[in-house]
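Worksheet: one structure, shown below.
The sequence lines fix the lettering, A, B, ..., with proteins before strands; numbering per chain opens at 1. Note that these values count all heavy atoms, side chains included, but never hydrogens, waters or copies made by symmetry.
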Amino acid sequence: MGSLRRSHASGEISAELVGREVVVAGWVQRRRDHGGVIFVDLRDRQEVVQVVFRPDANPQAHERAGELRSEYVIAVRGEVQRRSEETINDKLLTGAVEIEATELRVLNHATPPPFAIEEDAEVDESTRLEHRIHDLRRPPLQRSLRLRHRLYQAVRHALSDLDFLEIETPMLTKSTPEGARDFLVPSRLQPGSFYALPQSPQIMKQLLMVSGFDRYFQIARCFRDEDQRADRQLEFTQIDLEMAFVGMEDVMEVLETVTCDGALQAAGVELERPFPRMTFAEAMGRYGCDRPDTRIQLWLEDLTDVFRESGFRAFQSAVEAGGIVKCLPIHDAGDLSRSEIDRLESLVRKELGAKGLAWIRVTADGTWQSPIVKFLSESEKEQIAERTQARVGSLLFFQADRADRANAILSRLRIDLGWKLGRVDGRPWDALFVVEFPLFDRTEDGGLTYMHQPFVAPLEEDIPLLDGEPEKVRGTHYDVILNGVELGSGSLRNHRSDVQRRILELLGYGRDEAQARFGFLLEGLDTGAPPHGGFAFGFDRWCMLLAGVDNLRDVIAFPKTQRGQDLLMAAPSLVASEQLEELSIRPVRRRTED
RNA sequence: GGGGCGGUAGUUCAAUCUGGUUAGAGCACUGGCCUGUCACGCCAGAAGUUGCGGGUUCGAGUCCCGUCCGCCCCGCCA
């Protein structure tokens with residue numbers, strides 16, 4: 001900067017400064033050279049301001065301005081001037097004024113940017129990721145990351161005010177079998193042994209409760225080595241929180257407070273309190289999904305009982321095999337064409353493994369048009385009509401399948417068609433709790449697995465069911481759903497080691513195995529663990545929703561591709577064999593250098 | 001692991017279905033002109049291993065096979 005010191009950000013240059021000398025610094029957004037007068041749009045992180053170079057007023061600065069190119073880094077001293085009426089630019093916040101330059105310093109040259117540094121230049125994703133620096137200079141990511149910052153601050157404030165302590169937990173930790181695939185880190189000092197990067201600080205935060213830290217939180221980085229999606233990255237950020245001597249209501253209240261404070265302060269979004277609550281059973285029943293977007297005004301109808309004894313084999317056999325028959329009725333669906341139905345069928349077949357997509361359309365004269373109607377008895381037709389409230393113009397979609405698949409398929413149709421047909425209630429934000437999840441789920445081979453994680457406490461009144469009917473045991477788990485996205489979830493944890501041991505046993509861990517894997521937790525509980533519970537909040541997803549984008553990459557400064565690569569720094573990469581040697585690692589096979 | 005879409009100049013796209021002369025265009029870039037523009041304008045220019053490898057053919061950006069990369073989805077993951 002030499003002798004220049006920045007006096008104002010570009011966004012601060014306003015009519016109030018007219019006549020004042022200012023110094024601004026930033027990047028050359030654009031140069032408009034008229035041969036005589038030269039205009040340069042100077043961009044800093046906030047805004048753009050126009051700088052004018054006149055050949056007569058300041059020949060030296062003018063000549064230098066002719067050399068400027070996009071993205072050159074400059075500092076400009078000059079006088080703020082009011083623009084004449086006809087040259088005011090309404091598109092710029094600073095468009096009523098401009099800076100007449102008296103001094104120009106070129107602080108750095110720049111290679112031409114690979115794409116325009118503009119709001120809506122459409123650029124291929126891989127190009128954006130390779131040139132992340134340029135992409136980050138564009139307004140969308142500048143906005144996202146600023147929103148993200150406000151959300152960090154809001155959460156820290158809200159929790160600190162509630163007397164939570166921010167405590168860090170290790171990144172080099174122990175591999176535990178629960179959940180996702182671990183990222184492993186080889187130990188040099190313990191050859192052949194590995195740390196795991198945390199999937200979440202779950203156990204550590206429980207130990208902090210046992211250790212007497214009443215209320216803990218952390219904005220924690222988590223790692224899961226699983227395939228990625230638009231809303232899943234290998235590494236992601238959680239707001240992790242735990243509190244002692246509490247029941248479900250206490251934790252949910254904190255959760256609600258944090259959600260509302262964050263949304264308000266980061267994005268000015270007001271969420272209605274208290275959040276409505278829905279049981280898991282209702283969510284699955286009416287929405288076919290454990291994270292319903294209740295703005296969508298379409299609902300599923302369970303018709304399993306209608307087809308238990310049916311002569312329609314396709315449906316009856318699904319029920320007999322323990323599956324369900326469900327229907328998604330869409331009324332006034334006249335604009336859904338036959339070819340659209342075919343498109344939907346091929347979509348659910350290809351993407352969701354549907355066996356087919358049965359449908360019934362009630363035509364203008366009241367007759368049923370359908371590939372399946374000839375298989376239905378009069379009584380079945382009556383029951384379908386009554387339960388789905390079918391009327392002229394209705395279109396009914398059916399799935400008869402295993403419950404999970406039928407629900408997944410109809411839920412997807414509900415969401416797709418709901419938006420496509422505009423069957424939404426118009427609320428921009430829809431927050432709710434889903435509660436009363438089952439503690440256990442069935443594995444493919446008939447065994448028990450946990451539904452969320454193995455430390456969730458059962459509802460007190462369901463504890464007796466652990467012996468005999470574990471599938472009926474409801475957990476203290478709850479999810480916060482925002483606009484159909486699972487934002488966060490939590491539960492009370494088992495603070496009694498006998499209950500925890502019993503659950504581990506039901507999950508199929510032998511006594512010794514449970515001891516080997518979770519001994520430090522179980523023994524911790526035995527040292528006098530208070531009742532405790534908490535939650536973890538998907539921070540990136542929250543940013544994504546509040547920023548109004550549909551991909552995590554757009555709220556993360558340096559994200560990874562679907563194949564887990566960082567295209568900017570080209571990670572992961574091969575390492576020197578000496579490094580591997582030092583870690584006592586010998587690859588089974590090595591990718592060769594390209 | 002599976003399904004789908006895509007990959008042509010720095011970039012965004014066209015030419016691919018129906019193989020045929022020198023692969024075009026906008027923006028960006030380079031040079032020149034231009035004293036009130038703000039997507040400045042005008043003139044000129046440079047820019048390509050059509051992701052990569054193989055095959056079919058007289059001839060391949062175009063057809064076939066393989067492979068790599070990006071995105072979306074299923075599985076997986078909470």
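Judged by atom type and distance alone, A/Arg232 reaches the base of B/C77 through a side-chain donor-acceptor pair under 3.5 Å. Contact of A/Arg224 with B/C76 (side chain to base): no donor-acceptor pair of N or O atoms is detected under 3.5 Å. For A/Arg229 and B/G75, a side-chain-to-base donor-acceptor distance below 3.5 Å is present, hydrogens and geometry of angles not being considered. With hydrogens and angles ignored, no donor-acceptor pair closer than 3.5 Å exists between the side chain of A/Asp124 and the base of B/G7. For B/U37, the base has no donor-acceptor partner in the side chain of A/Arg31 [N/O atoms by modelled type, under 3.5 angstrom].
Comparing B/C76, B/G70, B/C38 against the side chain of A/Arg563 picks out B/G70 as the nearest. The nucleotide whose nearest atom lies closest to any side-chain atom of A/Glu226 is, among B/C76, B/C38, B/U35, B/C76. Picking from B/U37, B/G3, B/U35 the nucleotide with the shortest atom distance to the side chain of A/Asp56 gives B/U35. Distance from the side chain of A/Lys91 is smallest to B/A39 among B/A39, B/U37, B/A78.
Ring pair A/Phe280/A/Phe437 is tilted by interplanar angle, where 30° to 60° counts as tilted.
Counting any heavy atom pair closer than 4.0 Å across all strands shown, A/Phe39 reaches a base atom. Residue-level contact check: A/Asp290 touches the bases, meaning some heavy atom is under 4.0 Å from a base atom. Here A/Glu122 lies in heavy-atom contact (under 4.0 Å) with sugar-phosphate atoms only. If you check every strand for non-hydrogen atoms under 4.0 Å, A/Val123 touches sugar and phosphate atoms only. As judged by a 4.0 angstrom heavy-atom cut-off over every strand, A/Glu125 is placed among residues touching the sugar-phosphate backbone only.
Atom name P, nucleotides B/A39 and B/G2: the rounded distance is 49 Å, in whole Å. Taking the C1' atom of each, B/G48 and B/G10 are spaced 12 Å apart, rounded to whole Å.
Contact annotation: A/Arg32 side-chain N/O to B/U37 OP1/OP2 distance is not under 4.0 Å.
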